[in-house]
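Since the structure comes first, as structure tokens, the remarks are kept for the end.
Chain A is the first sequence line, chain B the second, and so forth, proteins listed ahead of strands; every chain is numbered from 1.
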Amino acid sequence: MKRLQTNLEKKSKQLKLSASAAKAFSSDEEVNSSLATPKKFTSFLSLESSMKDEKIQVFKNEKFVCIKDKYPKAKIHFLLIPHGDTFPKLLKVADIIKLPKSVEILKEMKDISDKIINDKFPDDLKKKALCGFHSIQSMQPLHMHIISSDFQSDCLKNKKHWNSFNTDYFIKLGDLIQNLEEENDYFKSDKFNLNKQDLLKKYMDLPLKCNVCHVEQKNLPTLKRHILTHK
DNA sequence: GTTCTAGAAC
DNA sequence: GTTCTAGAAC
Ligand SMILES: Nc1ncnc2c1ncn2[C@@H]1O[C@H](COP(=O)(O)O)[C@@H](O)[C@H]1O
Ligand SMILES: [Zn+2]
């Protein structure tokens, strides 16, 4: 599979073709070998192997594991993930909301994340810590972001990255617990309707705004330069 | 989710 | 010419 990719890359570079055009040059043999070892479409959307990697584990107990985000979008960026036999399969934030014990579980995650922030964040970033979920998440299983709101990272590369943490697309842990204990409308209100993916995706198109002074910035490179002025 | 890059925007 | 975005492929 790797060799096929390399070959296609070479061909497309030599011929200045698009990847799809280069594919037309691949032999039957190569096509067959790629079919013989079918890769699950979702394999690159799974956190499972990282969760098992002790080198990137920050915290672990019977119910939860916390790992370093592989592509950190800020100086400190962890993921807190329910694991083990305690919970049913949890793929997205709606799955946890629907559990009878959702508030209890989320409060447990709050306690653990508070401890992780206290133990692992440098002092100057402790008060900048954010905890929460992407309302549509790409990776599975369900995971909560624990991130420092400096957002200074080479891995933060596009508008979606920014808006996924800096609009209501980001469901803060504290807001979620409060909502579940009070209004309980995460599936009803337009703002947070987790059943309406189209509405949630619109958050990605909102203009880029500084998270400190809220001034709009014309593009991502400008925004990244701007946030450095708040140091 | 990331990478790569064509084509738009400047 | 260079910077930036967005969409295809993985
Ligand atoms: N293999 C991986 N191991 C650890 N973190 C990852 C991996 N792949 C992606 N990520 C991070 O997982 C997060 C998934 O984001 P989301 O699914 O939108 O909540 C992102 O912050 C990615 O940087
Ligand atoms: Zn600002």
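- If you measure from atom CD of A:Gln217 to atom C1' of C:dT3, you get 17 Å, rounded to the nearest angstrom.
- The NE2 atom of A:His134 sits 11 Å away from the C1' atom of B:dG1 (whole-angstrom rounding).
- With hydrogens and angles left out, the side-chain atoms of A:Asn184 and A:Asn179 include no donor and acceptor closer than 3.5 Å.
- Separating the CG atom of A:Asp154 from the C1' atom of B:dT2 is a distance of 15 Å, rounded to the nearest angstrom.
- Between A:His161 atom NE2 and B:dG1 atom C1' the separation is 8 Å, expressed in whole Å.
- For B:dG1, neither phosphate oxygen OP1 nor OP2 lies less than 4.0 angstrom from any side-chain nitrogen or oxygen of A:His143.
- Screening residues 101-112 of chain A for side-chain hydrogen bond (donor to acceptor under 3.5 Å, both in side chains), with sequence neighbours left out, gives A:Lys63-A:Glu108, A:Lys107-A:Glu181, A:Lys110-A:Asp114.
- The aromatic rings of A:Phe64 and A:Phe87 sit tilted, their planes meeting at an angle between 30° and 60°.
- Taking side-chain N and O atoms only, A:Lys160 has no distance below 4.0 Å to OP1 or OP2 of B:dT2.
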Show me the protein contacts with nucleotides 5-7 of chain C, counting only N or O atoms at under 3.5 Å.
| residue | atom | partner | partner atom | Å |
| --- | --- | --- | --- | --- |
| C:dT5 | OP1 | A:Leu220 | N | 3.4 |

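- Checking A:Thr222 against A:Asn219 by side-chain atom types alone, a donor-acceptor pair falls below 3.5 Å.
- Ring geometry for A:Phe170 against A:Phe165 counts as tilted: the plane angle lies between 30° and 60°, on a 0 to 90° scale.
- The backbone N or O of A:Ser43 lies less than 3.5 Å from no partner atom in the side chain of A:Ser46, so there is not a single donor-acceptor pair.
- Remark: C1' of B:dG1 and CZ of A:Phe44 are 8 Å apart, rounded to the nearest angstrom.
- In this structure, A:Lys92 places its NZ atom 17 Å from P of B:dG1, rounding to the nearest Å.
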